[in-house]
Amino acid sequence: MSIRMPGAVKGVLTAAVLATASLAATPSLAEIKGLEIIAPASPGGGWDQHARTLQQVLQDQKLASNIQVVNIPGAGGTVGLAQFVTAKKRTPTVLVGGQIMLGAIVTNKSAVTLDQVTPLARLTGEYTAIVVPPESPIKTFDDLIRKFKADPGSVSWGGGSAGGSDQILAGLIAKAVGVDPNKVNYVATAGGGELLASALGGHVTLGMGGYSEFAPQFQAGKLRAIAVSAPQRLPGSDTPTMKEQGIDLEFVNWRGVFAQSSAKPAELKELQEAVAKAVASDEWKQAVKQRGWIDLYQPSAEFAAFLKQERTQIEGTLKDLGLVK
């Protein structure tokens, strides 16, 4: 699991710079016609944002045309994953996914796993924000922890799918403050709009999700961030980190893109090169900066190796936290 990664992030960024330099010398690619990008979640969430940003950059850079984004929400991305694996597509198709999906595969005992797809690239990471409505009596992270320790069940933690990054982080926070992670009152949502509605409506004590997903609500004064899981405050943000507030914990949620295992070698190479070109572009880099994402790009082979290690760590963490047997 991608925790305490400042050194690793630096190494990945260095590799990305080298990769970018080598890509600059390669000839332009032919457009991929009729690409479909599956976002296995509701509109508005992190996977959907990544799918639509990738769509825009691929089109603008003339790397692909007639691109369609398809949302298939459910079960932490495993519904979309299952359809992606079993579908017989005539057009090239890719799937956006991430850390949440690995946890959901375990907790949902999914019959379909990431072993049945081909990693194309790891794209980005994002720190988690913990948010409350402006009128909430919880004004600080310390207020939240005091309430949680006094009566764990009285605090409802709204986040993404069961077993995903948000629930893992909630469990880690519980463990850090001496509360049994099994007592976390976690309210799973399909992410995106559903999570935002729960947080805005006060249907949960707090909301958890990618900082950029909540950013428009912060700016409008409709939500207030009381903590962020970064090692230091994010640029342009006055939200204190958990570490500043006495919880020695960092956490970053990564996202990536996958191809169908049935893709022919020539098609796979075309997709890999198109994604690599897209993430090396100034347009992608600007979008990453604007959304507050972290550039964690890894090409296909490195991403595949990372996934094996990540899956082992996540499965172990879920067991340690009592979230799965």
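- V57 has its side chain out of reach of L54: every pair of non-hydrogen atoms, C-beta onward, lies at least 4.5 Å apart.
- Looking at S165, its side chain never comes within 3.5 Å of a backbone N or O of N253 through a donor-acceptor pair.
- No donor-acceptor contact under 3.5 angstrom links the side chains of Q286 and D282, judged on distance only.
- Formation of a donor-acceptor pair under 3.5 Å by the T140 side chain with backbone atoms of D143 is found in this model.
- With sequence neighbours left out, F214 forms a ring-ring contact (aromatic ring centres under 6.0 Å, His included) with no residue at all.
- Judged as a ring-ring contact (aromatic ring centres under 6.0 Å, His included), and not counting sequence neighbours, F84 has no contacts.
- Side-chain contact check for I314 versus I168: some heavy-atom pair is nearer than 4.5 Å.
- One distance of note links CG of N182 with CG of L321; it measures 8.5 Å at 0.5 Å rounding.
- Side-chain N or O atoms of Q260 include one that pairs as donor or acceptor with a backbone N or O of A87 at under 3.5 Å.
- A distance of 14.5 Å separates CD in Q290 from NZ in K285, rounded to the nearest 0.5 Å.
- With sequence neighbours left out, the ring-ring contact (aromatic ring centres under 6.0 Å, His included) criterion links Y186 to no other residue.
- In this structure, the separation between CD on Q59 and CG on L35 is 9.0 Å, given to the nearest 0.5 Å.
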Discussion item. Between S237 and Y211, is the side-chain hydrogen bond (donor to acceptor under 3.5 Å, both in side chains) condition met? List the steps.
Written reply: CA-CA 10 Å; S237 169; Y211 194 92; 2.7 Å; yes

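- Environment of NZ in K139: crowded, with over 12 heavy atoms of neighbouring residues, nucleotides or ligands closer than 6.0 Å.
- Looking only at side-chain heavy atoms (C-beta outward), E310 and Q99 come within less than 4.5 Å of each other.
- A side-chain donor-acceptor contact under 3.5 Å links Q116 to the backbone of T113.
- Not a single donor-acceptor pair under 3.5 Å links the side chain of S136 to the backbone N or O of P133.
- For the pair A199 and V131, the tightest heavy-atom approach, listed with the atom from each and the gap, is CB-CG2, 4.4 Å.
- Residues I32 and E273 fail the side-chain proximity criterion, which asks for heavy atoms closer than 4.5 Å.
- Remark: the backbone N or O of V106 is not paired with any side-chain donor or acceptor of S110 at under 3.5 angstrom.
- With hydrogens and angles ignored, the 3.5 Å screen pairs no side-chain donor or acceptor of R255 with any backbone N or O of R122.
- Hydrophobic cluster membership is shared by F303 and L120, with clusters built from Ile, Leu, Val, Met, Phe, Trp and Tyr side chains linked at under 4.5 angstrom.
- Note that CG of L223 is 13.0 Å distant from CD1 of I130, once rounded to the nearest 0.5 Å.
- In this structure, the side chain of S281 engages the main chain of W284 through a donor-acceptor pair within 3.5 Å.
- Here CE of M101 is found 14.0 Å from CZ of R311. Values are rounded to the nearest 0.5 Å.
- V228 has its side chain out of reach of M242: every pair of non-hydrogen atoms, C-beta onward, lies at least 4.5 Å apart.
- Looking only at distances, a side-chain donor or acceptor of Q245 sits under 3.5 Å from a matching main-chain atom of T241.
- Applying the side-chain hydrogen bond (donor to acceptor under 3.5 Å, both in side chains) test to residues at least two apart or on different chains, the pairs with a partner in residues 226-235 are R233-E244.
- Looking at L144 and V132, their side chains never come closer than 4.5 Å, going by heavy atoms from C-beta outward.
- One side chain, S300 or Q272, offers a donor N or O that lies under 3.5 Å from an acceptor on the other.
- Contact of the M208 side chain with the W157 side chain is registered, since non-hydrogen atoms from C-beta on lie closer than 4.5 Å.
- The ring-ring contact (aromatic ring centres under 6.0 Å, His included) check on F141 picks up nothing, with sequence neighbours excluded.
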Discussion item. Between D295 and L123, is the side chain to side chain contact (heavy atoms under 4.5 Å, CB included) condition met? List the steps.
Written reply: CA-CA 7 Å; D295 184 355; L123 298 175; over 6 Å; no

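- Rounding to the nearest 0.5 angstrom, the gap separating the OG atom in S161 from the CG atom in N108 is 7.5 Å.
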Worksheet entry | L114 vs F258, side chain to side chain contact (heavy atoms under 4.5 Å, CB included): CA-CA, chis, key distance, verdict | CA-CA 9 Å; L114 293 181; F258 305 85; 4.1 Å; yes

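- With salt bridges taken as basic N to acidic carboxylate O contacts below 4.0 Å, one links E31 and K33.
- Residues S156 and T205 bring a donor and an acceptor atom of their side chains to less than 3.5 Å of each other.
- No donor-acceptor contact under 3.5 angstrom links the side chains of Q49 and E213, judged on distance only.
- With D48 contributing its side chain and S42 its backbone, the two residues share no donor-acceptor pair below 3.5 Å.
- Taking W293 as the reference, S212 meet the side chain to side chain donor-acceptor pair (under 3.5 Å) condition, with sequence neighbours excluded.
- By the 4.5 Å heavy-atom criterion applied to side chains, K147 and S154 are counted as neighbours.
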